[in-house]
Chemist: 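Dropping the structure in here first, questions after.
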Amino acid sequence: MDVKDKKAGDTIVVMTELVLPNDTNHFGNLMGGRLMYWMDIAAALSAMKHCNSPVVTASVDHISFENPIRLGNAVHLEAKVTRVFTTSMEVHVRVWGEDAVKQHRYQSNEAFFTFVALDPNGKPQPAPGLIPETPEEQERYKKALYRRQLRLMLSGKLRPEDASELKAIFAI
Ligand SMILES: CC(=O)SCCNC(=O)CCNC(=O)[C@H](O)C(C)(C)COP(=O)(O)OP(=O)(O)OC[C@H]1O[C@@H](n2cnc3c(N)ncnc32)[C@H](O)[C@@H]1OP(=O)(O)O
C-alpha cells in the first residue's frame, strides 16, 4: 500500500436537494438535465475529495431514469470513487427520491462518471491510489476496468483489439 493511497469509504459525498417548480417539466417531474447537473457536482466533489486537486469531467456512462422524482420531493445523491487509473478516476453516483410527507424513499437512477485530476497548469496529473474495503467496493473496483475499456472504445480512444480484459470476458 502506497502512503498516498486512500480508502474508498473516505471519498463519499452525500448531497440532498429539493425539487422546486423551476426544476420540473410540464408533468411536474424533475428534469433529467437538472438531475445530471446535481450528479456531476456530487461526483466532482467526491473526486476532488480523493485527489485534493481540481478535476474535470471526462465522460459520463449510460444514465437511465427508472422512476420520476416529483415536485416537492427530496433528491438524495451519494457519490463514491470506485477506482483510480492514472490521472483519471471513476466515480459511482446513486440517486434516490423521497416523499418526506409519506415517508417513502425510492430509487431513481445511478451512473458512473470519469474525472481527470489536474495540476496547477490545468494538465492531467496522477491521482492517489484507491483502497476498496467492503465487498461492494471491491466488486465495483474489479469491474471498473471493464467499464473503462468499454467507454474508451466508445469514445474512439482505445482500439477494440487492445481491450484485453473485455475480450477475455467474451473469450474472443
Ligand atoms: C466538473 C465539470 O463539469 S468540468 C467541465 C466539463 N469537462 C471538461 O470541460 C473537460 C474537457 N476535456 C479535457 O479537458 C480533456 O479532454 C481531458 C483533461 C478530460 C483529457 O485530456 P487528454 O488530453 O485527452 O489527456 P490524456 O490523453 O492524457 O488522458 C488523461 C486521462 O483521461 C482519460 N480520458 C480521456 N478521455 C476520456 C474519456 N472520453 N472517457 C474516459 N476517460 C478519458 C484517459 O484515459 C487518461 O486517463 P489515465 O491517465 O487514468 O490513463
Side-chain angles (χ1 to χ4, degrees), residues 1-17 19-20 22-23 30-65 69 75-95 108-133 137-170 172:
M1 176 177 121
D2 192 283
V3 282
K4 281 162 63 190
D5 289 354
K6 294 181 182 175
K7 295 175 182 176
D10 290 339
T11 69
I12 294 179
V13 165
V14 175
M15 231 169 88
T16 301
E17 298 283 343
V19 181
L20 295 171
N22 210 28
D23 303 321
L30 174 62
M31 297 277 281
R34 180 77 79 211
L35 181 55
M36 289 189 277
Y37 169 74
W38 288 334
M39 290 172 80
D40 189 35
I41 289 179
L45 287 170
S46 172
M48 282 194 276
K49 198 172 174 183
H50 178 70
C51 60
N52 301 126
S53 71
V55 297
V56 285
T57 315
S59 69
V60 185
D61 292 6
H62 170 85
I63 300 182
S64 50
F65 299 93
I69 302 180
V75 182
H76 300 289
L77 304 103
E78 188 180 298
K80 197 197 257 190
V81 177
T82 59
R83 185 158 178 160
V84 172
F85 298 101
T86 303
T87 64
S88 68
M89 70 214 88
E90 185 191 73
V91 181
H92 178 249
V93 185
R94 183 175 281 168
V95 182
S108 172
N109 69 349
E110 61 182 325
F112 291 95
F113 287 65
T114 301
F115 291 87
V116 175
L118 301 181
D119 69 14
N121 298 315
K123 300 283 175 216
Q125 69 171 0
L130 188 83
I131 308 160
E133 293 182 304
E137 288 167 0
Q138 286 168 355
E139 185 66 12
R140 289 215 183 104
Y141 182 93
K142 186 175 147 203
K143 292 188 176 160
L145 199 51
Y146 308 138
R147 289 189 294 270
R148 169 182 161 89
Q149 292 195 340
L150 188 58
R151 73 173 69 95
L152 290 178
M153 258 172 53
L154 291 173
S155 62
K157 304 213 164 192
L158 180 70
R159 294 183 310 166
E161 54 269 38
D162 294 332
S164 46
E165 277 81 9
L166 258 190
K167 276 174 29 185
I169 298 182
F170 298 105
I172 298 170

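This one's a predicted model, so the numbers in the text were calculated from it and none came from an experiment. Whatever order the structure lists ligands and atoms in, that order sets their numbers, starting from 1. Sequential numbering from 1 along the given sequence is applied to the chain's residues.
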Chemist: Do Val91 and Thr82 come within less than 4.5 Å of each other through their side chains, counting heavy atoms only?
Modeler: no
Chemist: Nearest heavy atom to atom 47 (O) of ligand 1 wins, so pick from Ser59, Ala58, Ser88.
Modeler: Ser88
Chemist: In ligand 1, which numbered atoms sit nearer than 4.0 Å to a non-hydrogen atom of Arg151?
Modeler: 41 (C)
Chemist: Tell me the protein heavy atom at minimum distance from atom 8 (C) of ligand 1, and give that distance in Å.
Modeler: Thr57 O, 3.6 Å
Chemist: Return the residue, atom name and 0.1 Å-rounded distance of the protein heavy atom closest to atom 45 (O) of ligand 1.
Modeler: Arg148 NH1, 3.6 Å
Chemist: Tell me whether ligand 1 is touched by Met89 - counting only heavy atoms on the residue side and a distance under 4.0 Å.
Modeler: no
Chemist: Test side-chain contact (heavy atoms from CB on, under 4.5 Å) on Asp5 and Leu130; report intermediate values, then the result.
Modeler: CA-CA 5 Å; Asp5 289 354; Leu130 188 83; over 6 Å; no
Chemist: Could you check atom 22 (P) of ligand 1 against the protein and tell me its nearest heavy-atom contact, residue, atom and distance included?
Modeler: Pro124 CG, 4.9 Å
Chemist: Closer than 4.0 angstrom, basic N to acidic O: yes or no for Asp61 and Arg151?
Modeler: yes
Chemist: Atoms of ligand 1 less than 4.0 Å from Val116 heavy atoms?
Modeler: 19 (C), 31 (C), 32 (O)
Chemist: Could you check whether any side-chain heavy atom of Leu145 comes within less than 4.5 Å of a side-chain heavy atom of Phe85, counting everything from C-beta outward?
Modeler: yes
Chemist: How does Asp40 reach ligand 1, if at all, at less than 4.0 Å between non-hydrogen atoms: by side chain, backbone, both, or neither?
Modeler: side chain
Chemist: Which heavy atom of the protein is the closest neighbour of atom 46 (C) of ligand 1, given with residue, atom name and distance?
Modeler: Thr87 OG1, 3.9 Å
Chemist: What residue and atom, counting heavy atoms only, is the protein's closest point to atom 43 (C) of ligand 1, and at what distance?
Modeler: Leu152 CD2, 3.8 Å
Chemist: Would you mind checking if Glu90 and Arg140 are paired as a salt bridge, meaning a charged N to carboxylate O distance below 4.0 Å?
Modeler: no
Chemist: Does the protein put a heavy atom less than 4.0 Å from atom 29 (O) of ligand 1?
Modeler: no
Chemist: For atom 39 (N) of ligand 1, is the nearest protein heavy atom under 4.0 Å away?
Modeler: yes
Chemist: Would you mind listing which atoms of ligand 1 come within a distance below 4.0 Å of any non-hydrogen atom of Ser155?
Modeler: 39 (N)
Chemist: Heavy atoms of the protein only: does one fall short of 4.0 Å from atom 13 (C) of ligand 1?
Modeler: no
Chemist: Is Ser108 close to Leu35 at the side-chain level, that is, under 4.5 Å between some pair of heavy atoms?
Modeler: yes
Chemist: Is Asp162 salt-bridged to Arg159, cutoff N-O under 4.0 Å?
Modeler: yes
Chemist: Side-chain contact, heavy-atom cut-off 4.5 Å: Val93 with Asn109?
Modeler: no
Chemist: Does a side-chain heavy-atom distance below 4.5 Å link Trp38 with Leu77?
Modeler: yes
Chemist: One residue to check: Thr86. Relative to ligand 1, which of side chain, backbone, both or neither has a non-hydrogen atom less than 4.0 Å away?
Modeler: both
Chemist: As a test of the contact definition, would atom 24 (O) of ligand 1 count as having a protein heavy-atom neighbour under 4.0 Å?
Modeler: yes
Chemist: May I ask whether atom 5 (C) of ligand 1 is less than 4.0 Å from at least one protein heavy atom?
Modeler: no
Chemist: Can you tell which part of Thr114 has a heavy atom less than 4.0 Å from ligand 1: side chain, backbone, both or neither?
Modeler: side chain
Chemist: Checking contacts now, so for atom 51 (O) of ligand 1, which I'm interested in, is there any protein heavy atom under 4.0 Å?
Modeler: yes
Chemist: With a 4.5 Å heavy-atom cut-off, do Ile12 and Glu78 have their side chains touching?
Modeler: yes
Chemist: Between Phe113 and Asp40, is there a side-chain heavy-atom distance shorter than 4.5 Å?
Modeler: yes
Chemist: Does the protein come close to atom 17 (C) of ligand 1 - that is, does one of its heavy atoms sit below 4.0 Å from that atom?
Modeler: no
Chemist: Using side chain to side chain donor-acceptor pair (under 3.5 Å) as the criterion, point out the one residue from His50, Glu137, His92 that pairs with Lys80.
Modeler: Glu137
